[in-house]
Enquirer: 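The structure that follows is given in the form of structure tokens.
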Amino acid sequence: MGRSARQSITRLKQFSTCSSFLQTPAAPGTMQQEVDPFKLAEPDLINLYSDIKKELSTQSNSLGHISSYYFDGHGKAFRPVMVVLMARALNYHIFESSRRQIYRPISKRNRRTTAQQVANQFLAASGKQISRKAVARRFRGGGLYARRPVVCVPLTRQHRTARLQWCREHHNWTEQDWACILFSDESWFSLSSDCRRQLIWRESGTAYRPENIQDRYPTCSIMVWAGIMINGRTRLHVVSNGTMTGQRYIDEVLLPHVRLFRGAVGDKFVFMDDNATCHRTFTVQDCLDSQGIQRLVWPARFPDLNPIENVWDVLGRKVAGRNYPPTNKNTLIRALTQEWDKLPQQLLDNVVQSMVRRVECCITLHGGHIPY
């Protein structure tokens, strides 16, 4: 510490001895005790002179003049709290400058940048070495946390509007109304599941923003179809040798599976399927009309409201958790069929009964993604 700094601190000590107005509040019946302001500010004043001189050497000239005025003996003695405030303001300025340099790579286009990559970029840009843990701490201090991206479909304003309108139209439906609907869907399963080990940097409460999600359709090897409703389910159908087409949808799904449920439930039966191209052909609609099957209108980009999506997730976990996981396509088909048959009916009933809550949640979120 320089001689002028020691002189300034000496004046501070002299100032503190005569500062009788700084007193701690005393409890009733006790005497007030004087507080030495220099003792309070001493930890921040130890290296204040050298630190400020070092940091201000490349900063604004105005800040340099202020530093010289106070620390080279030309200014009057000043209160220690001013020193503390000035030092903290400078530290905040330095912190914000470095944080902006660290945050710069974290944008909508590269939120998957790792902390080590950011540290390397910071080193290349500023010449300062920082650790991966230091980057992670800075991110957490700024409200960014490493989270797995939510797997879902992106939504446009038109999608949100259609979803919200559909939910408002079905807001008054009861569990008895939803119990007459057969919810169906196709899903893909593969031998190598997505472990989702790659994390992204995002703020709390922003899981469903477009920049924080990833596509929900990975490349898989086996497509299956099934339907669920209260007190019932279809058999798990494996779509083999190619993809689903309109004619295959009629021959392999509607006639052997959906028609049977229509006959068992009666006129109240309603069939739900999504807007896949193979579901919306004229031949499919003609088949539904000829069999007297009423179809539920379903908006585009609405998988989070379909309860069977939760069942697919459970089925995938069951297959992955088997003592002997499948090793080829045949064993995968066998495992899927066995685990599907073993799923408790109460699980299927619970997800269908959650439709009332799903609709209310979608309305609350103005047509946005719902956490189901």
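No experiment lies behind these values; they were computed from the predicted model shown. Quick note: numbers below take in every heavy atom, side chains included, and nothing from hydrogens, waters or symmetry partners.
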Enquirer: Considering all heavy atoms of both residues, which atom of Pro307 and which atom of Met355 are nearest to each other, and what is their separation?
Expert: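 Between these two residues, the closest heavy atoms are CD-SD, 3.7 Å.
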Enquirer: Does any part of the side chain of Val356, heavy atoms only, come nearer than 4.5 Å to the side chain of His171, both counted from C-beta?
Expert: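 When only atoms from C-beta onward are counted, Val356 and His171 do not touch, as no gap falls below 4.5 Å.
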Enquirer: With a 4.5 Å cut-off on side-chain heavy atoms, are Asp185 and Asp273 touching?
Expert: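 No, side chains not in contact.
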Enquirer: Taking the side chain as every heavy atom from C-beta outward, state whether Phe269 and Ile181 have any atom pair closer than 4.5 Å.
Expert: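 Phe269 vs Ile181: side chains apart.
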Enquirer: side-chain contact (heavy atoms from CB on, under 4.5 Å) for Val224 and Val239? Distances and angles first, verdict last.
Expert: CA-CA 6 Å; Val224 297; Val239 182; over 6 Å; no
Enquirer: Taking the side chain as C-beta and beyond, is there a heavy-atom pair between Leu144 and Glu203 under 4.5 Å?
Expert: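 Counting from C-beta outward, Leu144 and Glu203 do come under 4.5 Å.
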Enquirer: Say you draw a straight line from OG of Ser240 to CD1 of Ile222; how long is it, rounded to the nearest 0.5 Å?
Expert: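 It comes to 9.5 Å.
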Enquirer: Would you mind checking if Arg233 and Asp349 are paired as a salt bridge, meaning a charged N to carboxylate O distance below 4.0 Å?
Expert: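 Result for this pair is no, no salt bridge flagged.
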Enquirer: Going hydrophobic residue to hydrophobic residue with side-chain gaps under 4.5 angstrom, can you get from Val359 over to Leu296?
Expert: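 Yes: a chain of side-chain contacts under 4.5 Å links Val359 to Leu296.
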Enquirer: Treating Thr114 as the side-chain partner and Gln117 as the backbone partner, does any N or O pair qualify as donor plus acceptor under 3.5 Å?
Expert: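 Flag set: sc Thr114 to bb Gln117 pair under 3.5 Å.
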Enquirer: Working to the nearest 0.5 Å, report the span between CD1 of Ile308 and CZ of Phe183.
Expert: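 Ile308 CD1 to Phe183 CZ: 10.0 Å, rounded to 0.5 Å.
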Enquirer: Do the non-hydrogen side-chain atoms of Val253 and Met244 ever get within less than 4.5 Å of each other?
Expert: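 Of all side-chain heavy-atom pairs linking Met244 with Val253, at least one is under 4.5 Å.
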Enquirer: Is it true that Leu347 and Leu315 fall in one hydrophobic cluster, defined by side-chain heavy atoms closer than 4.5 Å?
Expert: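 Yes, because Leu347 and Leu315 connect within a single hydrophobic cluster, where side-chain heavy atoms sit under 4.5 Å apart.
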Enquirer: Can you tell me how far the CD1 atom of Ile250 sits from the SG atom of Cys287, to the nearest 0.5 Å?
Expert: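 If I round to the nearest 0.5 Å, the distance is 5.0 Å.
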Enquirer: Between Thr234 and Gly227, is there a donor-acceptor pair closer than 3.5 Å when you use the side chain of the first and the backbone of the second?
Expert: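 At least one qualifying donor-acceptor pair exists.
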Enquirer: If hydrophobic clusters are built from ILVMFWY residues whose side chains come within less than 4.5 Å, do Val135 and Leu123 share one?
Expert: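 No, separate clusters.
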Enquirer: Measure the acute angle between the ring planes of Trp166 and Phe302, then classify it against the limits of 30° and 60° as parallel, tilted or perpendicular.
Expert: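 If you compare the ring of Trp166 with that of Phe302, the planes turn out perpendicular.
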Enquirer: Would one find more than 12 heavy atoms of other residues, nucleotides or ligands at under 6.0 Å from atom CZ of Arg235?
Expert: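 No.
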Enquirer: Assess, by modelled atom type and distance only, whether the side chains of Thr331 and Asn328 contain a donor and an acceptor separated by less than 3.5 Å.
Expert: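 Yes - a donor-acceptor pair under 3.5 Å links their side chains.
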Enquirer: Side-chain donor-acceptor pair under 3.5 Å between Gln176 and Thr174, yes or no?
Expert: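 A pair is found: one side chain offers a donor N or O, the other an acceptor, under 3.5 Å apart.
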Enquirer: Hey, what do you get for NE2 (His369) to CZ (Arg301), rounding to the nearest 0.5 Å?
Expert: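 Between atom NE2 of His369 and atom CZ of Arg301 there are 9.0 Å.
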Enquirer: Does some side-chain heavy atom of Arg160 sit less than 4.5 Å from a side-chain heavy atom of His366?
Expert: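 Not touching, per the 4.5 Å side-chain cut-off.
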Enquirer: Can you tell me if CZ on Arg248 sees more than 12 non-hydrogen neighbours from other groups inside 6.0 Å?
Expert: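 Yes, CZ of Arg248 has more than 12 neighbouring heavy atoms, counting only those of other groups under 6.0 Å.
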Enquirer: Do Ile333 and Phe189 have side chains that get closer than 4.5 Å, going by heavy atoms?
Expert: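 SC-SC contact between Ile333 and Phe189 ruled out.
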Enquirer: Would you sort out whether His279 and Glu186 count as a side-chain hydrogen bond (donor to acceptor under 3.5 Å, both in side chains), showing the intermediate values?
Expert: CA-CA 11 Å; His279 300 168; Glu186 295 91 3; 2.7 Å; yes
Enquirer: I need the Arg317 CZ to Glu339 CD distance, nearest 0.5 Å.
Expert: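 Arg317 CZ to Glu339 CD: 14.0 Å, rounded to 0.5 Å.
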Enquirer: Could you check whether atom CZ of Arg322 has more than 12 heavy atoms from other residues, nucleotides or ligands sitting under 6.0 Å from it?
Expert: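 Count over threshold, so yes.
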Enquirer: Atom CZ in Arg280, atom OH in Tyr249: separation rounded to 0.5 Å?
Expert: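 Arg280 CZ to Tyr249 OH: 8.0 Å, rounded to 0.5 Å.
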Enquirer: Regarding Arg163 and Asp304, does a basic nitrogen lie under 4.0 Å from an acidic carboxylate oxygen?
Expert: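 Yes, charged N to carboxylate O under 4.0 Å.
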Enquirer: After noting the C-alpha distance and the side-chain angles of Trp188 and Ser190, does the key distance pass the side-chain contact (heavy atoms from CB on, under 4.5 Å) rule?
Expert: CA-CA 7 Å; Trp188 288 94; Ser190 66; over 6 Å; no
Enquirer: Any non-hydrogen side-chain atom of Val311 less than 4.5 Å from a side-chain atom of Trp340?
Expert: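 Side chain of Val311 against side chain of Trp340, heavy atoms only: contact under 4.5 Å found.
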Enquirer: Could Arg357 and Glu360 be called an ion pair, given the rule that one side-chain N must be under 4.0 Å from one carboxylate O?
Expert: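 No, Arg357 and Glu360 are not salt-bridged.
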Enquirer: On the 0 to 90° scale, with breaks at 30° and 60°, tag the Trp225-His257 ring pair as parallel, tilted or perpendicular.
Expert: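 Taking His257 first and then Trp225, their aromatic rings sit tilted (interplane angle of 30° to 60°).
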Enquirer: Looking only at non-hydrogen atoms, find the nearest pair between Cys167 and Leu305 and report the distance.
Expert: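 In this case the closest contact between Cys167 and Leu305 is SG-CD2, 4.4 Å.
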Enquirer: Is the backbone N or O of Glu309 less than 3.5 Å from a side-chain atom of Asp313, with the two atoms forming a donor-acceptor pair by type?
Expert: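 Here the side-chain-to-backbone pair does not exist.
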Enquirer: Go through the steps for Val270 and Leu182 under the test side-chain contact (heavy atoms from CB on, under 4.5 Å), then give the verdict.
Expert: CA-CA 6 Å; Val270 180; Leu182 177 68; over 6 Å; no
Enquirer: Provide the closest heavy-atom pair for Pro325 versus Asn323 in the form atom of the first, atom of the second, distance.
Expert: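 Closest pair (atom of Pro325, atom of Asn323, distance): CD-O, 3.5 Å.
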Enquirer: Is Leu260 linked to Val258 within one hydrophobic cluster, defined over Ile, Leu, Val, Met, Phe, Trp and Tyr using a side-chain heavy-atom separation of less than 4.5 Å?
Expert: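 Leu260 and Val258: separate clusters.
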Enquirer: Between Arg157 and Thr161, is there a donor-acceptor pair closer than 3.5 Å when you use the side chain of the first and the backbone of the second?
Expert: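 A pair under 3.5 Å: no.
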Enquirer: Between the main-chain N or O of Gln291 and the side-chain N or O of Arg259, is there a donor-acceptor pair closer than 3.5 Å?
Expert: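 No; judged by distance alone, with no hydrogens or angles, the pair does not exist.
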Enquirer: For Thr156, does its backbone N or O pair with a side-chain atom of His159 as donor and acceptor, under 3.5 Å?
Expert: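 At least one qualifying donor-acceptor pair exists.
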Enquirer: Could you tell me which non-hydrogen atom of Cys180 sits nearest to which non-hydrogen atom of Lys268, and how far apart they are?
Expert: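 Shortest heavy-atom contact: CB-O, 3.4 Å.
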Enquirer: For the residue pair Arg295 / Gln285, report whether a side-chain donor-acceptor contact shorter than 3.5 Å exists.
Expert: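 Gln285 vs Arg295: donor-acceptor pair found between side chains.
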Enquirer: Taking it one step at a time, do Arg202 and Tyr145 satisfy side-chain contact (heavy atoms from CB on, under 4.5 Å)?
Expert: CA-CA 6 Å; Arg202 66 170 176 83; Tyr145 304 92; over 6 Å; no
Enquirer: I'd like to know if the side chain of Asn275 and the backbone of Pro299 have a donor-acceptor N/O pair within less than 3.5 Å.
Expert: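 Flag set: sc Asn275 to bb Pro299 pair under 3.5 Å.
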Enquirer: Ignoring hydrogens, what is the shortest heavy-atom contact between Leu164 and Cys362? Give both atom names and the distance.
Expert: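 Here Leu164 and Cys362 meet closest at CD1-O, 4.3 Å.
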